[in-house]
Amino acid sequence: MPTLFGGKEFVPPIPSARSLLGWLQEQVTEGDRVNKADPGLSQMDEIISYVMGNQLVGKVPTYVRRVVLNQMKRAIKTHVSALTDVEPLFGFKSLNPRFQDHAGIVNHYTTIWWTNTFADLELAHVIRYALVGGAGDLFLGYDSLSQDSYCRARDPRDTLAFRPEGRSIQEWEGVTLREAHSINKLLAEFPDRAYAIRPDSGKFPGPIGKFKLTSPGSSKSTTTTLDGLKGGNPLRGGAEAAEAGIPVCTVYRTFLTDRSLNVSTKAVLMGKPGTVYSYLVEPGKPLYPHKRLINWTEHGTLYDGPSPFWHGLFPITRLVIEPWPWLFTGMSPLRDLRPLQDAINMTVNDLLQLLSQTINRGSVWDKSVPEGLIKRHDPR
């Protein structure tokens, strides 16, 4: 219900359930607009295309040599090698000598977790994202099957900000994680929400995805994670991609700082009963002290309740290699290398062309000379 704030009616920023889905879609649009306005993220596709070796598209004639000396990929490999290791980059230490053994046991568990979950590889992927886009995101989740936590690198363009107050994600009012999943997986996880688990209609932009497919003739053609399995043209998008072979449903996980209070006179049970994150909220106390989580699709909500993470933070962190105070994310160190990369390729191909013309000289023939003789002639 609206309340009076400073003598005026104040409407809470998070609406009721009836208009919740439309409000969430507006926040996704707002987050996409913030990402597209960032100079680092907006040029991410072009830099990725350079790293993949698509550097001469539309720049040289077809009859000129097209050798690529990819120094941008070499720069990424050097940075990743310098910033990662096969061992954990952190450890636990107790100032109380009586608990030194306990700290050692926890460190052993950390090493085992680091190795079994390939955390060093995910950290390397985050650094690669940060080098090409200015920022890389790392999500820390929990797998109910293995009963262990895991970390996953994410494309920063699929991390959508809601009312960002600072550069740290923890300072935002909320964050939406956009990702694509198969219908089968979602039905197994949310069997009672089949009405909301349907293929994408193509009305909303799909996720950039962890795996990217770039067209050899374009630097901006991208697909989602599962587009390569759909058959036909893998670069289709929108409604055409939604109608292809394997159905895909885009899931949005929205974490919010919801300051709602229990305004009733009775204690309210929050969360699914029987889970470790369910709790009772006494009258007048916050309903979501550890954040609010809404899992939803464009067709409906899958879950709306307290976040299952006890730490009370958004379960995602952002790595920025080269931060600047006037940028929302950061700037890619490879951005300034693109003109230099073009100059290297141009110089190498000009030298090869010059040598080819010097050694393999052109020749002019009379039209009466037989064609077979011309083909057998080698000016070298």
Side-chain angles (χ1 to χ4, degrees), residues 13-32 137-146 149-152 154-155 157-163 169 172-201 203-210 224-226 242 247-258 260 269-279 287-316:
I14 303 176
S16 60
R18 190 166 65 178
S19 57
L20 181 61
L21 190 60
W23 179 84
L24 290 170
Q25 293 172 352
E26 292 178 359
Q27 305 316 313
V28 167
T29 303
E30 177 183 321
D32 269 326
D137 294 342
L138 184 69
F139 173 79
L140 183 63
Y142 180 79
D143 187 0
S144 58
L145 296 178
S146 63
S149 57
Y150 65 91
C151 56
R152 291 290 182 271
R154 289 180 48 86
D155 193 307
R157 293 169 294 182
D158 287 330
T159 302
L160 310 175
F162 168 53
R163 301 292 191 268
I169 295 181
W172 302 352
E173 286 295 300
V175 59
T176 296
L177 308 180
R178 179 173 54 191
E179 51 199 27
H181 292 286
S182 65
I183 302 296
N184 308 71
K185 176 182 177 180
L186 295 177
L187 289 176
E189 187 175 357
F190 305 98
D192 58 334
R193 298 300 176 103
Y195 65 89
I197 303 175
R198 287 180 284 167
D200 293 341
S201 64
K203 298 180 180 179
F204 302 94
I208 302 299
K210 184 171 59 175
T224 62
T225 304
L226 301 177
V248 174
C249 183
T250 300
V251 177
Y252 304 86
R253 288 189 285 181
T254 301
F255 294 87
L256 297 169
T257 300
D258 193 330
S260 302
L269 177 64
M270 300 297 296
K272 186 177 180 180
T275 58
V276 295
Y277 57 89
S278 63
Y279 52 89
L287 292 174
Y288 305 98
H290 305 303
K291 308 296 185 185
R292 179 179 176 181
L293 170 61
I294 307 174
N295 293 333
W296 57 284
T297 69
E298 63 173 290
H299 308 292
T301 59
L302 303 176
Y303 169 83
D304 186 3
S307 172
F309 301 103
W310 288 356
H311 47 61
L313 303 173
F314 299 129
I316 188 169

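The first residue of the sequence shown is numbered 1, and numbering continues consecutively from there. What you see is a predicted model; the values in this text were computed from it and never measured.
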Minimum side-chain heavy-atom gap Arg178-Asp32 below 4.5 Å: yes
Rounded distance (nearest 0.5 Å) linking atom CD of Glu189 with atom CG of Asn184: 13.0 Å
Tyr279 side chain reached by Pro306 side chain, heavy atoms, under 4.5 Å: yes
Separation of Arg154 CZ from Ile316 CD1 (nearest 0.5 Å): 5.0 Å
For Arg163, the option from Glu30, Glu26, Glu173 that meets salt bridge (charged side-chain N to carboxylate O under 4.0 Å, His left out): Glu30
Ionic contact status for Arg292 with Asp304, cut-off 4.0 Å: yes
Counterpart residues, ring pair (Phe, Tyr, Trp, His ring centres under 6.0 Å), relative to Phe190 (two or more places apart): none
Atom pair OG1 (Thr301) and CD1 (Ile294), whose distance is rounded to the nearest 0.5 Å: 8.0 Å
CA sep, side-chain torsions, deciding dist, call: Ser260, Asp258, side chain to side chain donor-acceptor pair (under 3.5 Å): CA-CA 6 Å; Ser260 302; Asp258 193 330; 2.5 Å; yes
Student check: side-chain heavy atoms of Val276 and Trp310 closer than 4.5 Å: yes
Worked verdict on Glu298 versus Ser201 for side chain to side chain donor-acceptor pair (under 3.5 Å): CA-CA 8 Å; Glu298 63 173 290; Ser201 64; 2.6 Å; yes
Spatial distance of atom CZ (Arg193) from atom CG (Leu187) [nearest 0.5 Å]: 13.0 Å
Least distance between heavy atoms, His299 atom then Pro199 atom: NE2-O, 3.2 Å
Minimum-distance pair of heavy atoms, taken over all atoms of Ala180 and Val248: CB-CG1, 3.5 Å
pair Tyr303-Arg253: side-chain heavy atoms closer than 4.5 Å: no
Spacing of Leu293 atom CG and Leu177 atom CG [to the nearest 0.5 Å]: 9.0 Å
Validation row: Leu160, Phe162 side chains within 4.5 angstrom (heavy atoms): no
Heavy-atom pair of closest approach, residues Ala196 and Leu302: CB-CD2, 3.9 Å
Mutual orientation of the aromatic rings belonging to Phe309 and Phe255 [parallel < 30°, tilted 30-60°, perpendicular > 60°]: tilted
Charged tip of Lys291 within 45° of Phe314 ring normal and under 6.0 Å: yes
Minimum-distance pair of heavy atoms, taken over all atoms of Cys249 and Asp200: CA-OD1, 3.6 Å
Met270 side chain reached by Leu287 side chain, heavy atoms, under 4.5 Å: yes
Minimum heavy-atom distance Ser307-Tyr277, with the two atoms named: O-CB, 4.3 Å
Heavy-atom closest contact (Tyr195 atom, Asp192 atom, distance): CE2-O, 4.1 Å
Inter-residue atom distance Thr297.OG1 - His181.NE2, 0.5 Å rounding: 12.0 Å
